Amino acid sequence: MTDDNLFLALKKYAPGSNINPRENFLTEAFAWVLRQHPGLAEAFLRLVLNEHDGGFTIDYTVQPQWLTQEGTSKVRLDMVAEFGNKAIIFEHKLWSALGKGQIQRYRDYGAERWTGGRLVVLIAPRRSQFAQDPDVALTWGRIHRCVEQWLDAQSTQPQIVLAFLGLLRSEGLGPPAPISHEAILSYLPAKDVEPSLVKLVYEVARR
């Protein structure tokens with residue numbers, strides 16, 4: 001379908017646009033994969049709602065409408081899972097910080113548009129980027145694990161979903177690498193290197 005053509009969606013983010021093409025490229029790819037695989041979309045939504053403290057429910061038998069770049073000139077929502085008069089709003093970050101009051105603007109816009117209720121979900125590479133008190137905050141590493149777990153339960157693994165995981169890893173958004181035994185043993189000696197170098201430089205300068 002032309003309306004759900006991944007390549008046409010990505011074409012909007014040519015170099016030189018006034019937006020972050022990498023964040024939007026990732027968003028369009030994610031939304032498209034979720035549209036194509038309702039089972040994966042359900043697993044993802046269950047992850048989101050399991051992280052929420054309650055009070056917001058959805059009917060998992062109803063397929064949401066996955067929207068991207070919804071809003072106005074003042075409020076632009078990365079991705080939305082719309083269930084009639086309620087919605088889950090997603091803000092996707094790579095390595096940039098949230099804009100001032102960004103989450104609250106999303107809440108205000110969502111309250112006006114979806115009178116049945118809304119959640120605002122922040123997805124970022126690191127927990128240190130969690131800010132402005134979203135309803136749910138997840139790392140891309142958690143998303144990667146969620147998709148992997150869904151894939152493991154499938155009799156055949158769709159290539160497009162495997163490619164999406166590859167996209168996450170290429171952006172440094174996969175699960176963190178395990179800490180090796182050698183790294184643990186090297187930590188204590190290594191942490192003293194910088195102070196020792198500084199002390200040496202001061203001693204040489206003094207002499």
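Any value given below was found using the heavy atoms of this structure, including those in side chains, with hydrogens, waters and symmetry copies removed. In this text, all values refer to a predicted model and were calculated from it rather than measured experimentally.
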query: Between Tyr109 and Arg105, does any side-chain donor sit less than 3.5 Å from a side-chain acceptor?
result: no

message: I'd like to know if the side chain of Gln132 pairs up with that of Gln104 as donor and acceptor (distance under 3.5 Å, no hydrogens or angles considered).
response: no

- request: For the pair Ile143 and Leu173, evaluate side chain to side chain contact (heavy atoms under 4.5 Å, CB included) and give the outcome as yes or no after the intermediate values.
  value: CA-CA 9 Å; Ile143 305 305; Leu173 304 176; over 6 Å; no

message: I'd like to know whether the aromatic ring centres of Phe44 and Phe30 sit less than 6.0 Å apart in this structure.
response: yes

- request: State, yes or no, whether a side-chain contact exists between Leu26 and Phe164 at a heavy-atom distance under 4.5 Å.
  value: yes

Check: Tyr60 ring centroid to Phe83 ring centroid under 6.0 Å: no

- prompt: Is there a side chain to side chain contact (heavy atoms under 4.5 Å, CB included) between Leu98 and Glu91 once you walk through the steps?
  reply: CA-CA 9 Å; Leu98 289 166; Glu91 169 60 15; 3.8 Å; yes

Side-chain (Glu171) to main-chain (Leu167) donor-acceptor, under 3.5 angstrom: no

message: I'd like to know whether Ile123 forms a side chain to side chain contact (heavy atoms under 4.5 Å, CB included) with Val136, so could you lay out the CA-CA distance, the side-chain angles of the two residues, the decisive distance to 0.1 Å, and finally the verdict.
response: CA-CA 9 Å; Ile123 306 178; Val136 176; over 6 Å; no

query: Under a 4.0 Å N-O cut-off, is there an ion pair linking Asp135 with Arg107?
result: yes

- line: In this structure, CG of Asp78 is separated from OG1 of Thr27 (nearest 0.5 Å) by 4.5 Å

message: Check the orientation of Phe56 and His52. Use parallel for under 30°, tilted for 30 to 60°, and perpendicular for over 60°.
response: perpendicular

message: Pairing donors with acceptors under 3.5 angstrom, does anything connect the side chains of Ser96 and Glu23?
response: yes

message: Could you check whether Glu70 pairs with Arg76 (Lys NZ or Arg NE/NH1/NH2 to Asp/Glu carboxylate O, under 4.0 Å)?
response: no

